[in-house]
Amino acid sequence: MTRYTPAEIEPKWQEAWDKAETFRARRTEGKPKYYVLEMFPYPSGRIHIGHVRNYTMGDVIARYKKATGHNVLHPMGFDAFGMPAENAAMKSGGHPKTWTYDNIDEMVRQMKPLGFGIDWSRMFATCDPEYYGQQQALFLDFLEAGLVYRKNAVVNWDPVDMTVLANEQVIDGKGWRSGAEVERRELTQWFFKISDMAGELLDALEGLDDWPAKVRLMQENWIGRSRGLQFSWDLTEPTHGFDKIEVYTTRPDTLLGASFLGLSPDHPLTKALETDNPDLAKAVAQMRKGGTTEEALEKAEKLGFDTGLTVKHPLEGQPDIPVWVANFILMDYGTGAIFGSPAHDQRDLDFCRKYGLPVKDTFVALDDPAPVTDTAFIPPKTEKVKWLDHFAGLDVATGQEAVDTTIDWMEARGLGTGVEKFRLRDWGLSRQRYWGCPIPVVHCDACGVVPERKDNLPIRLPDDVSFDVPGNPLDRHPTWRDVDCPKCGKPARRETDTMDTFVDSSWYFARFTAPHAVTPTDMDDAAYWMNVDQYIGGIEHAILHLLYSRFFARGMIRTGHLPESAKEPFDALFTQGMVTHAIYQTTGDDGRPVYHYPEDVELRDGKGFLKDGTEVQIVPSAKMSKSKNNVVDPMDIIETYGADTARWFVLSDSPPERDVEWTASGAEAANKHLARVWRLAAEPSDEAGSPEADEALLRDMHKTIDEVTKGIESFGFNAAIARLYAFTAAIQKSKAGAETRRLATRTLGQLMSPMTPHLAEEVWALTGGEGLLAEADWPKADEAYLVEDTVTLPIQINGKRRSEITVAKDLSKEEVEKLALADDAVVKALAGGQPKKLIVVPGRIVNVVV
RNA sequence: GCCGGUGUGGCGGAAUGGUAGACGCAGGGGAUUCAAAAUCCCCCGAGGCAGCCCCUCGUGCGAGUUCGAGUCUCGCCACCGGCACCA
């Protein structure tokens, strides 16, 4: 008896596909195109089982679309700039470039045996000068189109290492290497004007029907459109050239409850006051400690400083209120100043309680007029509340009505303006780091900021750099930095900031349509291949990467690099879950957990034991992490079971949007199943069969074709696979004749081919298929086999299933009622009485209420 | 803290508001075998009743809508993703 041998089968078919150039993306007439893209990987050096799942899903779609008559584009590349390469260089010497390209080679070497139908001729890495040079060209066009500008923004500053830190390098408010308390410091930085498109990016979400609703909702909340009132408070005594303070509020209706006016520590007035008020300067310095993340700012203890200034209340007869500087007020949002209305905002309330400021209710619940104590009263804006002595004449109204009425009232009196604002901030793209795309501008004393000339692109990163000192090596590079001004030719200084790696990933999908073009894109190719028909990636990119890409597509249209139709570059989006793995741990002598490798643990009856018999604690479904020793290496799996098993397993056990737990026994089972299918093809039985069995198997086959096709089209891979398990068992048990069984087996292989392409080719060849299966047409279900003529209806009594009847499919409702009432269980339940109600849902269910 | 999501047997999970637990794993029993591996067949939510056809409970917790709720609504709890310099 021969055996299923993936180690022989898989390389053989990969070679055949290569030779036939099966997956080369081609533009041909008469066929629709299909562009499937998985989020490209960071070249960490090893592929991860999560990658296998991601790319397998894409490959299933790609191969299926090819079989259904599409010209498919399914490319692969690397998101290759970023911090890990610099960290590696700092840790073990070497160069980020060498590290990165070695990793890419290694990852490609690991990806190839998985048999993905990828057009490798289009591969690139974002750190290729051919790529980032075109990115620089895009930057210059964006600059010219007014989509890029410079302004000050805060960064995490490590005062010991004298360097800017990324958020992940700030741990509990301290620098990761120095341990020094991090400060927020302002720097002049480059920005994309994404806020200009906020309204458009928000409104267009509505058209993204094939995106998950949750992602659209997250983006909607992130962009955060709000309507509020902008107005000013006059200072009782003008100071430092300021006579009033402009505020923006989304709750102008609570104006009577104002008990203080709050300034951001970064507000211009704060900065002016700081110069001659050392106590304020000290307090503000304290407020600037800690990282820049919104989480850190929100969670930080509320700090305030009374400036001693007061402002006049815009409403007549109201007392003046004090001006405070408060750490929880963001300069980036609104005007950087607010009025605090503590009864209806928890942060304001906490602040007022801490500093002894008054708290005044402006409205109360209809059924509970008790004043606010330590919990602010913030009902939904759609709920009616009772207003207390409201200046615009409100009595009982919802929050939304109150806001609108108040804005109208204030506008009518010239006291303020209703304005629309967005939470979305401009996209800061400057990074004070080496391993990124250089920003192609020059700073000249005479000419100011001067864009590089396009013929000087790419501005290449210099290779002779070292990472022994903290900070950006470009900043201290002896020659790279010093250049002649492209405009006047005098000595000038090159911009040493590089671009955020999100820039790299915001247009790579467009570059794949013409990866070798001498301009960022080729408009013909872009027009043909765009948009991405199906984009697949992790939910962690739901906001930033996808929003930035949407912005970039619009920018590229404006600058003539994409056709108008590519405004929303991703037609459909699918967010897949992680692959997890159990953690095996014991407790060490020091009380800390000790993590064990899966291969050192023996599983018996759901418990795990080490070689010496010690029982280990099993933590199921944990995110794979090197430090927890629970990472499974796809290479080991391929070696043990073959690529098809790995591909089959990552799709089989969980719905693709959810996490899947890798288990050795699950992989084993997948492998056994593939071997079973192989045997059906390689060792067919020669039974004579019966016409009835033939008919039954054909019926099952066509139903399977139908269900698997629907499953693949709807990302129901696990359901499709469950069906294929069932069909395999059906063939095994079938008494159908040899010819029918052969057809069924060949079809089974075909239906499995997007998931297990190598095995499928083998089955195809063994069962008399012609040519390469990868080039063959997808099977079609014969409708005639899909219709059933009888249907089994469950009978419920009071909503609980008690019996069932089998009836003709199109039996009338009346007849079904009659049959149901005659059913033994129903007769018994009725005990001679009449049913209170009888519900018949044709083809589904009967419910008798007694 | 804010935004979004998830929660069903021992485990992964299935189920257009209509028979909860498809399919797979683990477990149990059997066939084949000198024996094993491999393969094949059967059973498998909990409890009751003792048996197959019956009853009760059961989809994180608590309410609600409905003839009928895993599915819809509200309130909790736990976990996961994001929070603009991780990618």
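Naming: A, B, ... by sequence-line order, numbering from 1 per chain. Since this is a predicted model, take the numbers as computed values, not measurements.
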S.K.: Indicate, yes or no, whether a donor-acceptor pair under 3.5 Å links the base of B:C83 to the side chain of A:Glu295.
M.R.: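 Checked by distance alone, the answer is yes.
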S.K.: Looking at B:A14, I'd like to know if its phosphate oxygens (OP1 or OP2) sit under 4.0 Å from a side-chain N or O belonging to A:Asn718.
M.R.: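 Checking A:Asn718 against B:A14: at least one side-chain N or O falls below 4.0 Å of OP1 or OP2.
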S.K.: Using atom P of each nucleotide, how far apart are B:G58 and B:A69 to the nearest Å?
M.R.: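 Between the two P atoms, the distance is 11 Å.
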S.K.: Looking only at atom C1', what distance separates B:C77 and B:A87, rounded to whole Å?
M.R.: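 Result for the C1' pair: 32 Å, nearest Å.
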S.K.: With respect to the side chain of A:Ala722, which nucleotide from B:A22, B:A87, B:G4 is positioned closest?
M.R.: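 My answer, after comparing the listed nucleotides, is B:A22.
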S.K.: Considering every strand and a 4.0 Å limit on heavy-atom distances, what is the contact class for A:Lys302: base, sugar-phosphate, or nothing?
M.R.: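 Result for A:Lys302 = nothing.
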S.K.: Applying salt bridge (Lys or Arg N to Asp or Glu O under 4.0 Å) as the test, list every pair that has at least one member in residues 711-732 of chain A; sequence neighbours left out.
M.R.: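 Residue pairs with at least one partner in residues 711-732 of chain A: A:Asp700-A:Arg723, A:Glu707-A:Arg723.
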S.K.: Tell me if the aromatic rings of A:Phe727 and A:Tyr725 count as close, with their centers under 6.0 Å from one another.
M.R.: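 Ring centres of A:Tyr725 and A:Phe727 not closer than 6.0 Å.
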S.K.: Please report, rounded to the nearest Å, how far the C1' atom of B:C2 is from the CD atom of A:Gln219.
M.R.: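 Checked: the CD to C1' distance equals 17 Å.
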S.K.: With a non-hydrogen cut-off below 4.0 angstrom, is A:Glu707 in contact with a base, only sugar-phosphate, or nothing?
M.R.: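 Here A:Glu707 touches no strand at all.
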S.K.: Tell me: CZ of A:Arg676 to C1' of B:U39, nearest whole Å?
M.R.: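 One finds 9 Å between C1' of B:U39 and CZ of A:Arg676, rounded.
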S.K.: Taking donor-acceptor contacts at under 3.5 Å, does the side chain of A:Gln796 reach the base of B:G18?
M.R.: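 Such a pair is found, so the answer is yes.
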S.K.: When you get a sec, tell me which of B:A87, B:C85, B:U39 is the closest nucleotide to the side chain of A:Arg679?
M.R.: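 Given the options B:A87, B:C85, B:U39, the side chain of A:Arg679 is closest to B:U39.
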S.K.: Is it true that A:Phe40 and A:Phe78 have ring centroids separated by less than 6.0 Å?
M.R.: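 Ring centres of A:Phe78 and A:Phe40 not closer than 6.0 Å.
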S.K.: Under 4.0 Å, counting only non-hydrogen atoms across every strand here, what does A:Pro41 touch: a base, just sugar-phosphate, or nothing?
M.R.: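 Counting heavy atoms under 4.0 Å across all strands, no contact is made by A:Pro41.
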S.K.: Contact class for A:Ser430 vs. all strands (heavy atom < 4.0 Å): base, sugar-phosphate, or nothing?
M.R.: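 If one applies the 4.0 Å heavy-atom cut-off, A:Ser430 turns out to touch a base.
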S.K.: Considering all heavy atoms of both residues, which atom of A:Tyr535 and which atom of A:Leu546 are nearest to each other, and what is their separation?
M.R.: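 Looking at all heavy atoms of both residues, the shortest contact is CE2-CD2, 3.8 Å.
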S.K.: Roughly how many Å apart are B:U6 and B:G64, using the C1' atom of each and rounding to a whole number?
M.R.: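 Result for the C1' pair: 23 Å, nearest Å.
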S.K.: Rounded to the nearest Å, what distance is computed from the CH2 atom of residue A:Trp222 to the P atom of nucleotide B:G4?
M.R.: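 A:Trp222 atom CH2 is separated from B:G4 atom P by 13 Å.
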S.K.: Pick the closest RNA chain B nucleotide for A:Ser665 and for A:Arg431 by heavy atoms, then say which residue is nearer the 5' end.
M.R.: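 The residue whose closest nucleotide sits nearer the 5' end is A:Ser665.
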S.K.: Are any of A:Asn167's side-chain N or O atoms less than 4.0 Å away from OP1 or OP2 of B:A84?
M.R.: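 Yes, because at least one side-chain N or O of A:Asn167 sits under 4.0 Å from OP1 or OP2 of B:A84.
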S.K.: Suppose we call two aromatic rings close when their centres sit under 6.0 Å apart. Are A:Trp222 and A:Phe422 close by that rule?
M.R.: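 Aromatic pair excluded; centres sit 6.0 Å or further apart.
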S.K.: How many Å lie between CH2 on A:Trp648 and P on B:C25, as a whole number?
M.R.: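 Taking atom P of B:C25 as the reference, CH2 of A:Trp648 is at 12 Å.
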S.K.: Can you tell me whether the side chain of A:Glu668 and the base of B:C25 have a donor-acceptor pair closer than 3.5 Å?
M.R.: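 By the distance-only test, no, there is no pair.
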S.K.: Could you check how far CD1 of A:Ile721 sits from P of B:A14, rounded to whole Å?
M.R.: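 It is 13 Å, rounded to the nearest whole Å.
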S.K.: Rounded to whole Å, how long is the line connecting atom NE2 of A:His541 with atom P of B:C86?
M.R.: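 Result: 12 Å.
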S.K.: B:G81 P sits how many Å from A:Ile543 CD1, rounded?
M.R.: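 After rounding, the gap between these two atoms is 14 Å.
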S.K.: When you measure from the side-chain N and O atoms of A:Lys837 to the phosphate of B:C67, is any distance below 4.0 Å, counting only OP1 and OP2?
M.R.: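 Checking B:C67 against A:Lys837, a side-chain N or O does come within under 4.0 Å of OP1 or OP2.
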S.K.: The side chain of A:Ala669 is closest to which nucleotide in this list: B:C25, B:A87, B:G1?
M.R.: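 Out of B:C25, B:A87, B:G1, the nucleotide with an atom closest to A:Ala669's side chain is B:C25.
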S.K.: Does RNA chain B take part in any stems of at least 3 consecutive Watson-Crick or G-U pairs (both distances under 3.5 Å), and if so, which ones?
M.R.: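 RNA chain B stems, ordered by first number: B:1-7 with B:77-83, B:10-12 with B:23-25, B:27-31 with B:39-43, B:45-48 with B:54-57, B:60-64 with B:72-76.
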S.K.: Under 4.0 Å: is that the gap between some side-chain N or O of A:Gln732 and OP1 or OP2 of B:C40?
M.R.: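 Affirmative; the distance criterion is met.
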S.K.: For the aromatic rings, using the six-membered ring if either is Trp, is the centroid distance between A:Phe552 and A:Phe192 under 6.0 Å?
M.R.: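 Ring-ring flag for A:Phe552/A:Phe192: true, centres closer than 6.0 Å.
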S.K.: Go through B:C25, B:G18, B:C85 for me and flag the one nearest to the A:Ala166 side chain.
M.R.: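 The closest nucleotide is B:C85.
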S.K.: Using heavy atoms to find the nearest nucleotide of RNA chain B for A:Ser652 and A:Ile839 separately, return the residue whose nucleotide is more 5′.
M.R.: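 Nearest-nucleotide comparison on RNA chain B picks A:Ser652.
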S.K.: Kindly indicate whether a cation-pi arrangement holds for A:Lys151 with A:Phe191, taking the cut-offs as under 6.0 Å to the six-membered ring centre and within 45° of the axis.
M.R.: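 A:Lys151 over A:Phe191 ring: yes.
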S.K.: Contact class for A:Val848 vs. all strands (heavy atom < 4.0 Å): base, sugar-phosphate, or nothing?
M.R.: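 No contact.
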